[in-house]
There are 2 protein chains.
Amino acid sequence: MNFTQFELLRLLQETGFNQSKAATRLHLVQSAVSRQLQLLEEELGSPLFERQGKKLLGLTPLGERVLVQVERISLAKQNIQAIAADARDSGNGSLRIATTHTQAKYLLPEPIQKFREKYPGVSIYMIQSSPDDIIQLLHHHRADIAICTERLSEDSKLIVRPCYEWRHIAIVPHRHPLAKGVLSLERLASFPVLTYSPGFTGRSTIGKAFGNAGLTLDVALSAADSDVIKTYVRLGLGVGVIAGTAYEPGNDGDLVALDLAQLIPGSQTKIAYLKHLYLPACLEYFIRELLKGEGKDS
Amino acid sequence: MNFTQFELLRLLQETGFNQSKAATRLHLVQSAVSRQLQLLEEELGSPLFERQGKKLLGLTPLGERVLVQVERISLAKQNIQAIAADARDSGNGSLRIATTHTQAKYLLPEPIQKFREKYPGVSIYMIQSSPDDIIQLLHHHRADIAICTERLSEDSKLIVRPCYEWRHIAIVPHRHPLAKGVLSLERLASFPVLTYSPGFTGRSTIGKAFGNAGLTLDVALSAADSDVIKTYVRLGLGVGVIAGTAYEPGNDGDLVALDLAQLIPGSQTKIAYLKHLYLPACLEYFIRELLKGEGKDS
DNA sequence: TTGCGTTACGACTCTCGTAAGGATG
DNA sequence: CATCCTTACGAGAGTCGTAACGCAA
């Protein structure tokens, strides 16, 4: 029973119960892993893994219950290291932000600039990925905080806090027919639409709004990235539906932004971090900055 | 960073930061403790303890934050052992009940008998103590479950669940003047009273009831134990005020029980166990039995 | 002097890596 | 025969206990 053995358990699950891969990630040889596994199972008195011959297939019910506790231990141990690092020098360290392109480009610049001024010694890692991946990054301790609009709610291991509300807009070139006249979901749906990939930046909200109106969207192109969408809107591929915050009057003067507030419900961008995770001074500051203006504490 | 070092931290706090005592409880010599402490502080990079010369005085702010995580680790580790023991043989093991005399004698016999029938292999340790001690026993992992009436509410580390409601009664010998006539707080207070020691079995409720009525109690004798009180009531020392459940018609026929339901508010006996503690099958069963009839789940 | 903590050193235990071998597809 | 796991064995690291020392009440 030691930390290495517990870390091993976690890695075995992550690697699909492959001892060789787990060994590599622990900087050990495979035989050491095999032995530690035997020792642990022997100490606990019953097998933690389902086996077929010598190969590991998965966890036993016992193994699963144990793993829950192991995750707690792993988290608490990381917390201790974070607490100590914070005490040694709270102006140092790293901040790993997992988020989507839209947030990284349009929401975060200002808070990150303020953060940088206060904590010039902290390295910021911006990890861009899909919302599904982002949550996995949190769970696997590969990111400290997640910022995104979707997939952040029904997870008991996370603390999720609302960060800010925003609206979708439609963008079209000036010459586009939609630039003039009254806007409606029906009229919008009559054009090819360019918007976010499923799972990104409120795409589900868009889908629901049209679905409820009995309309089917002709999605000509979907991308994770507001800027990619803008590019193809400029090429005349159709109507772009993007986050309102992604429209930059300075750079996007060639495009007309059409307010969809009456047509598509608002979206809420949230921040999330692991429950029971120690928040270093700098991370706490960053979260406070992000929540500023929102006012709602929980 | 290993489990021994963390266990050491916990023990140092328990022993008042005395390395020698902590060493003994870890079955080590004192010099080993000294070295492990240095290694841990060196690894974390800053001191965990306030020192005066060589003597340890207490925890630094860092040390306190670390200790919180250490307690989580310790608990999770114990959980793993409990889970494994439970899986090896859920009919075996032990059940450590911390409670007061009144509960042990008048509430628990029936549930424990049922428990014993279902789990004949489980050793039951009945730890009788004061409510204050009982809570400490839980925190120090020296008891699995606490059952008592007082001091069980404002602790965020515990899960507290109401178990049953009961009332106080007054007991007097047949010849006593109080055995006849109308009962009132005033009349009761005019006699010497024998009741529970402060902190025991609803003593605070009794005190408040008389206090609110502007009466001072003449407590001739207080004891932790209903049977002791009965004994001295029989000797004519005064009026006994005890839990209604402690009156046994069979054995206490020489005493008159007077209902105090209209005079003293009811008390609630609760059960408590550590949050995040793994409940072995037998403990889960025992808790379910205790809550039966209460119906309220939370 | 007694109690408490640190430092030095030898002995022992533990765990690793190397290497060889068995099982499985 | 390639992958995955187990077992045997020697080398090295880590931790303990003994013992000697420093310091304060």
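Residue numbers start from 1 in every chain, and the chains themselves are labelled A, B, ... in the order their sequence lines are given, proteins ahead of strands. Keep in mind that what you see is a predicted model, and the values were worked out from it rather than measured.
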| task | Measure from CE on A/Met1 to C1' on C/dC14 and round the result to the nearest Å. | result | 17 Å
| task | Calculate the interatomic distance between B/Gln38 atom CD and C/dG5 atom C1'; express it in whole Å. | result | 9 Å
| query | How would you label the contact of A/Phe17 with the nucleic acid (heavy atoms, under 4.0 Å): base, sugar-phosphate, or nothing? | reply | sugar-phosphate
| query | Between A/Leu37 (CG) and C/dT15 (C1'), how many Å, whole number? | reply | 15 Å
| said: Rounding to an integer number of Å, can you tell me how far B/Leu39 CG sits from C/dT6 C1'? | reply: 13 Å
| said: Using a strict threshold of under 4.0 Å (side-chain N to carboxylate O), is an ion pair present between A/Glu41 and A/Arg51? | reply: yes
Between the protein and nucleotides 16-18 of chain C, list the N/O to N/O atom pairs that are separated by less than 3.5 angstrom.
from   : atom 1 : to      : atom 2 : distance (Å)
C/dC16 : OP2    : A/Gln36 : NE2    : 3.1
C/dG17 : OP2    : A/Val29 : N      : 3.0
C/dG17 : O6     : A/Arg35 : NH2    : 3.0
C/dT18 : O4     : A/Ser31 : OG     : 3.1

| Which atom of A/Ala143 lies closest to which atom of A/Ile127, heavy atoms considered | CB-CD1, 4.2 Å
| query | Taking atom types as modelled and ignoring hydrogens, do the side chains of B/His276 and B/Asn79 form a donor-acceptor contact shorter than 3.5 angstrom? | reply | no
| Minimal non-hydrogen separation, A/Glu7 against A/Ser74, with atom names | OE1-OG, 3.9 Å
| query | Would you say A/Ser34's side chain and A/Gln30's backbone share a donor-acceptor pair under 3.5 angstrom? | reply | no
| Charged N to carboxylate O below 4.0 Å: is that the case for A/Arg25 and A/Glu14? | yes
| query | Between atom CG in A/Asn2 and atom P in C/dT13, what is the gap in whole Å? | reply | 19 Å
| request: Going by the side-chain contact (heavy atoms from CB on, under 4.5 Å) test, name the single residue among A/Val66, A/Thr4, A/Leu48, A/Leu8 that passes it with A/Leu40. | output: A/Leu48
| message | Need two values: the first and the last nucleotide of DNA chain D, 5' to 3', having an atom under 4.0 Å from any heavy-atom of chain B. | response | D/dT15 to D/dG22
| said: Between B/Glu289 and B/Lys118 (salt bridge meaning N to carboxylate O under 4.0 Å), is one present in this structure? | reply: no
